[in-house]
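Just so it is clear, the structure is predicted and the values come from calculations on it, not from any experiment. Just so it is clear: chains get the letters A, B, ... in the order the sequence lines come, proteins before strands, and each one is counted from 1.
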Amino acid sequence: MKLNKTYEAKNFEADIYQLWEKSEAFRPSGQGQPYSIVMPPPNANGSLHVGHALFVAVEDILTRYHRMNGRDTAWIPGADHAGFETWVVFERALEAEGKSRFDYSRDELYEMTWNFVADSRGGMEKQLRALGASCDWKSLVFTLDPKVVEIVYATFKKMWDDGLIYRGERIVNYCTHHHTSFADIEVVFREEQGHLWEIKYLVDGDSLVEYITVATTRPETMLGDEAIAVHPDDEKYKNLVGRSVILPIVGKKIPIIADDAVELGFGTGAVKITPAHDPLDFQIGQRHGLPITKVIDEDGRMTNVPEEFMGLEAGEACQKVVERLRQEGSLGKVEKFTHQVPHCYKCGSVIQPLVKDQWFVAVEKLASNAKKALQQGKIRFVPAHKGDELIRYFDELRDWNISRQIPWGIPIPAFQNVDNPDDWIFNADVDKEYIEVDGRRYRRDDDTFDTWFSSGQWPFIVTDYLADGELKRFYPNAVMETGMDILRPWVARMIMLGLYVTGEVPFREVYLHGIVNDEHNQKMSKSKGNVIDPIDTVAEYGSDALRLGLVSARSAAQAQAFSPDKVIAGRNFCNKLWNMARFVEGQVANETNKQTGAVTFGDPLFAQKLTFVADSDKSGSFETDKGRKVSKSDHSSLTVYDHWVLSKLQHLTNELDKLIKDYRFAEAAETLYHTVWDEVADWYIEAAKQGSGVLEFVLETVLKLAHPFAPFVTETIWTTLHDDDSLLIGQQWNREFDFNPKLARDFEKIKQLVTAVRNTAENLDGGEQTLIYHDSKLVADHENLIKNLANLENLFPMENPSGLRIAGHIQAWLAADKAKIAAYKAKISAKIDEADNLAENLEKRLSSASYVKNAPKHLVKETRTQLAETEKLIKSLTEELEGLE
RNA sequence: GAAUCGCUAGCUCAGUUGGCCAGAGCGCCUCGUUUACACCGAGGAGGUCGGGGGUUCGAGCCCCUCGCGAUUCACCA
């Protein structure tokens, strides 16, 4: 045998992937019921982290499983231009060259970024291949592909026509470093130490000197104050409402207004209102028709303020304003204050709330339709509570700002009349900066779409659903598998936009995986230096091992640690499969050798195999199809362990069906692992050393069942053992196994006997063991098998046996001398105690009238049986003990 | 401040509508050179399921409460 003793993943994986890809096995078959998954597109020029490896594992298991069970399967990959993410990287590179975005036009920047991305593209796809992703590369879509833009524009137009798009001045979250606005969801709040400053505003009019005191964390914004607000029911200020105060420093008169948004009894009860720089103030300003004075510009500098403050950064202005207030005597108490401050999630700059003219999506109708669909159960969520979370989210969702001030993205197809700022028209001719329509001149909007606006349409875009394309049958998708961290920004938007554009939910089910933390359950981050690169793990342990390791220590939507031990267990499992195959190979070689004298497998190295397969050379003499179908007429030639292993494979198949349907990947992987290892390898293969009629069939079945979980090693074995050009990826699972349950049970009895013998033998000093039995046809019929499995020196029947009685129904004794027997007594006593305890428990349960009355009948019956068996066991153990004395 | 999730063996985690003396991987202990595999085989130790209370014939699972951790949301001047 020339194959290595251990499976070295790195020697095979790349070649195997190439085989798959060349064979077009990833393409939809066109046969059977459609099953589709749309891949959450990874960043086109980024590299994958271990979280990606988890999604690949999960989506690939689903895809391969359904492919091998007769479904017409499409896993559609994508690449994301990742608007802001990529822009940040690009701009950093630009700055490193001493250049700035302001040195170029928008079109130039777009082209430069395009080239930048093109240069560093492809790494992500390579990594997906290394992870074994069986996705249909031919249907890959890049988020800036013309067809994407086309559909996004059509949707924008439709929404425009339906009145769901509006342009308006609103407070937006603005990063003065990146010069773009953000959605609410993109802002991170961090706790900061600051001050709470009290400012006194002189009430205008009366000769009486009267002040209203307000508190603020940002005194510099007072320069843009337009009102003082109090609660309408606040007795303290009731008579002041409608009057004015003098704005310190600036000297202008601003009104005192009443508004419910002011919390009664909080602080001084009065609030300064700066409509241009605070979301709540903006709302209050809208309600009261207050003017909007912007005092901070998009660079974060002061504007529209008295000369001495002009151009100062907000922070500096704060100091200076406080200083001036103090001089004027308008400054009240100053206290230390801890509060949450919004930051840019990328650069950490403080987010400035600014009033900007932007495009908004009116979400109310979209959100209520989405909510209705969820309430009607049109989408199944795993875990289910995430669906409830989305329902709540749809309730509180606010209008969605889709304008971004970065060049890297899909340009917004809207043009503004140069002579009339309120005249906006839709036009997709975004290559031109100016267009003329009906004799009027229009200028293109400089902004691009929020990437979630386009990716929110992903499921129907990539399936060409609207264009009646080839993949149309794959919409709605069978399942959306993605991270729980993008439930709101992505999943929620896909549901809203999918329903709006296609009238259908975009997917039937949503499975959310959790974050992969490091092995100490700490969140991975570059700054902590604890990031695990999946490709390193693949290089060390193999892609299958990583996949098994990731999937097995994990449940849905749960942030959990990465467990290297589970990866090692996965690696060991692959090696187990490998060695089972080596054994089968050897057995079959012997057979074939006897018949033909030829052995062809095993010795070609894998590289040769590749050529072999590519040439479709069918001259090989290895016939693995033998035993594929076990017909009833074959039963006579099958052994008890053949029947037994077939029953185990049937059970495993059924279990995997059930578990995968419920997205219980950890349990599925574990069930596979233990059936293959603890049943097939430890018992069947051992027994099969006596010969078996289904050896190859069992191996093939195991390979098929394991394939979705460990695709590389199973395919490597398959192609190595097959001289035709068949690939495992394209095989169908065996669904019905023909076995005799009674014979299967016979082996189960033998297995129990063997276990009990080993158990007892363990308590002896070792050495050669002799088993004596009485009146058992089963043992008599399988003497050799039992001898080998239990590692016995002798096995024979006897009329009046003696020695150590083996626990169980079969009457058998291990031969032992007096010394050994004495050592064994203690163990028997312990066992009796244990059984006594159990019996006592069971009796207690049965003596409770309410248990017998209320518990399901089968349970009561089971308890009775168990009690009877336990009592029998106690009796036989006691007899055994007495027999020893 | 609110919501959600979690707290099970030394470590990382399973445990589906409450029902076999609570499971896995790795680690640990004992033994083993049976020619598929030491990335192995056989046997074994180890848990009052975060604390307390309740419902039930029966609770790791349901309810209440407290503690600890994570995540998300909202931000009050």
Side-chain angles (χ1 to χ4, degrees), chain A residues 1 3 5-7 184-185 189 196 214-218 229 261-263 266-274 278-281 339-340 342 383 385-386 388-389 392-393 396 484-485 487-488 514-515 517 519-521 523 541 545 549 552-555 557-587 658-659 662 664 666-667 670 673-674 681-682 685-686 689 755 758-759 761-763 766 788 791 834-835 837-838 841-842 844-845 847-856 858-860 862-863 865-866 870:
Chain A
M1 194 172 299
L3 287 182
K5 274 194 166 188
T6 49
Y7 169 65
D184 295 340
I185 212 164
F189 282 87
L196 195 59
V214 303
T216 179
T217 51
R218 301 192 57 194
V262 180
E263 195 179 324
F266 186 89
T268 62
V271 192
K272 62 191 270 311
I273 301 298
T274 321
D278 182 277
L280 185 67
D281 292 7
H339 59 145
Q340 300 284 325
H385 69 259
K386 288 289 169 185
D388 303 334
E389 188 181 321
R392 286 193 297 274
Y393 177 64
E396 35 186 66
M484 60 171 175
D485 48 328
L487 177 68
R488 290 158 185 241
I515 309 274
N517 287 338
E519 42 190 301
H520 308 294
N521 222 344
K523 205 168 189 167
Y541 297 108
S552 39
R554 212 158 291 282
S555 43
Q558 211 63 51
Q560 284 165 314
F562 175 78
S563 173
D565 286 342
K566 293 271 179 182
V567 176
I568 289 172
R571 189 268 319 261
N572 294 350
F573 178 69
C574 292
N575 193 53
K576 195 70 186 177
L577 287 170
W578 182 253
N579 275 293
M580 284 167 64
R582 289 181 72 231
F583 170 75
V584 175
E585 180 197 349
Q587 293 294 110
K658 212 163 61 191
L659 292 168
D662 284 342
R664 305 167 78 89
E667 281 168 78
E670 216 162 276
Y673 180 101
H674 287 290
D682 286 350
I685 293 282
E686 285 308 315
K689 289 176 179 170
T755 304
R758 285 173 180 168
N759 226 310
E762 189 68 23
N763 293 287
N788 284 326
N791 196 21
E834 206 180 319
N837 271 336
L838 177 59
N841 257 326
L842 296 171
K844 211 167 97 191
R845 196 178 301 168
S847 66
S848 153
S850 46
Y851 171 73
V852 178
K853 209 175 88 189
N854 299 328
H858 72 273
L859 272 174
V860 179
E862 215 173 282
T863 310
T865 316
Q866 205 189 348
T870 308

Would you classify [X] as touching base, sugar-phosphate or nothing, given that sugar-phosphate means primed atoms plus P, OP1 and OP2, and contacts are heavy atoms under 4.0 Å?
X: A:Ile568; answer: nothing
X: A:Ala557; answer: nothing
X: A:Asn759; answer: sugar-phosphate
X: A:Arg758; answer: sugar-phosphate

Once you apply the 3.5 Å cut-off to both distances, tell me the Watson-Crick or G-U wobble partner of [N], or none.
N: B:rC49; value: none
N: B:rU16; value: none
N: B:rU30; value: B:rA42
N: B:rG1; value: B:rC73
N: B:rU55; value: none
N: B:rC21; value: none
N: B:rC68; value: B:rG6

Measure the distance from [atom1] on [X] to [atom2] on [N] and round it to the nearest whole Å.
X: A:Leu842; N: B:rC21; atom1: CG; atom2: P; result: 7 Å
X: A:Asp388; N: B:rA3; atom1: CG; atom2: C1'; result: 12 Å
X: A:Asn572; N: B:rA38; atom1: CG; atom2: P; result: 11 Å
X: A:Tyr673; N: B:rC37; atom1: OH; atom2: P; result: 18 Å
X: A:His385; N: B:rA70; atom1: NE2; atom2: P; result: 18 Å
X: A:Tyr393; N: B:rU4; atom1: OH; atom2: C1'; result: 16 Å

Are side-chain N/O atoms of A:Tyr673 and A:Ser552 paired as donor and acceptor at under 3.5 Å? no
Nearest to the [X] side chain among [options], which nucleotide is it?
X: A:Asp682; options: B:rG43, B:rA42, B:rC37; answer: B:rA42
X: A:Lys576; options: B:rU4, B:rU16, B:rC37; answer: B:rC37
X: A:Lys523; options: B:rC37, B:rG25, B:rU71; answer: B:rU71

On a whole-Å scale, what distance lies between the [atom1] atoms belonging to [N] and [M]?
N: B:rU16; M: B:rG27; atom1: P; value: 28 Å
N: B:rG15; M: B:rC37; atom1: P; value: 36 Å
N: B:rA59; M: B:rG54; atom1: P; value: 12 Å
N: B:rG60; M: B:rG53; atom1: P; value: 14 Å
N: B:rC63; M: B:rG18; atom1: C1'; value: 13 Å
N: B:rA36; M: B:rG25; atom1: P; value: 24 Å
N: B:rU56; M: B:rA74; atom1: C1'; value: 40 Å
N: B:rU4; M: B:rA45; atom1: P; value: 42 Å

Taking only side-chain nitrogens and oxygens of A:Asn579, does any of them come within less than 4.0 Å of OP1 or OP2 of B:rC40? no
Pick the closest RNA chain B nucleotide for A:Met580 and for A:Ala569 by heavy atoms, then say which residue is nearer the 5' end. A:Ala569
Using a distance-only criterion (donor-acceptor N/O pair, under 3.5 Å, no hydrogens), is the base of B:rC37 paired with the side chain of A:Lys5? no
Using only modelled atom types and a 3.5 angstrom limit, is any donor from either the side chain of A:Arg571 or the base of B:rC39 paired with an acceptor on the other? yes
Taken to the nearest 0.5 Å, the spacing of A:Tyr851 OH from A:Thr863 OG1 works out to 3.0 Å
With sequence neighbours excluded, what pairs up with A:Lys566 under the salt bridge (Lys or Arg N to Asp or Glu O under 4.0 Å) test? none
Just jot down the salt bridge (Lys or Arg N to Asp or Glu O under 4.0 Å) partners of A:Glu686, sequence neighbours excluded, or say none. A:Lys689
Heteroatom pairs (N/O) under 3.5 angstrom, protein to nucleotides 30-35 of chain B:
none

If every non-hydrogen atom of A:Ala559 is compared with every non-hydrogen atom of A:Asn521, which pair is closest and at what distance? O-OD1, 4.3 Å
Side chains of A:Ile273 and A:Asp281: does their closest heavy-atom pair fall under 4.5 Å? yes
Atom pairs under 3.5 Å, N or O on each side, protein against nucleotides 7-13 of chain B: can you list them with distances?
residue	atom	partner	partner atom	Å
B:rC13	OP1	A:Asn521	ND2	3.0
B:rC13	OP1	A:Ala561	N	2.8
B:rC13	O3'	A:Gln560	NE2	2.5

The contact string for nucleotides 55-60 of chain B, one letter per nucleotide 5' to 3', using protein heavy atoms under 4.0 Å with B, S and - for base, sugar-phosphate only and none, comes out as --B---
Is A:Arg554 reaching over with its side chain to a backbone N or O of A:Ala561, donor-acceptor style, under 3.5 angstrom? yes
Should the pair A:Arg392-A:Glu389 be classified as a salt bridge under the 4.0 Å nitrogen-to-oxygen rule? no
Dump every N/O contact between nucleotides 73-77 of chain B and the protein below 3.5 Å, one line per pair.
residue	atom	partner	partner atom	Å
B:rC75	N4	A:Gln340	OE1	3.3
B:rC76	O2	A:Glu263	OE1	3.2
B:rC76	N3	A:Glu263	OE1	3.1
B:rA77	O3'	A:Ala215	O	3.0
B:rA77	O3'	A:Thr216	N	3.3
B:rA77	O3'	A:Thr217	N	3.0
B:rA77	O2'	A:Ala215	O	2.7
B:rA77	N6	A:Glu263	O	3.3
B:rA77	N6	A:Phe266	O	3.1
B:rA77	N1	A:Glu263	N	3.4

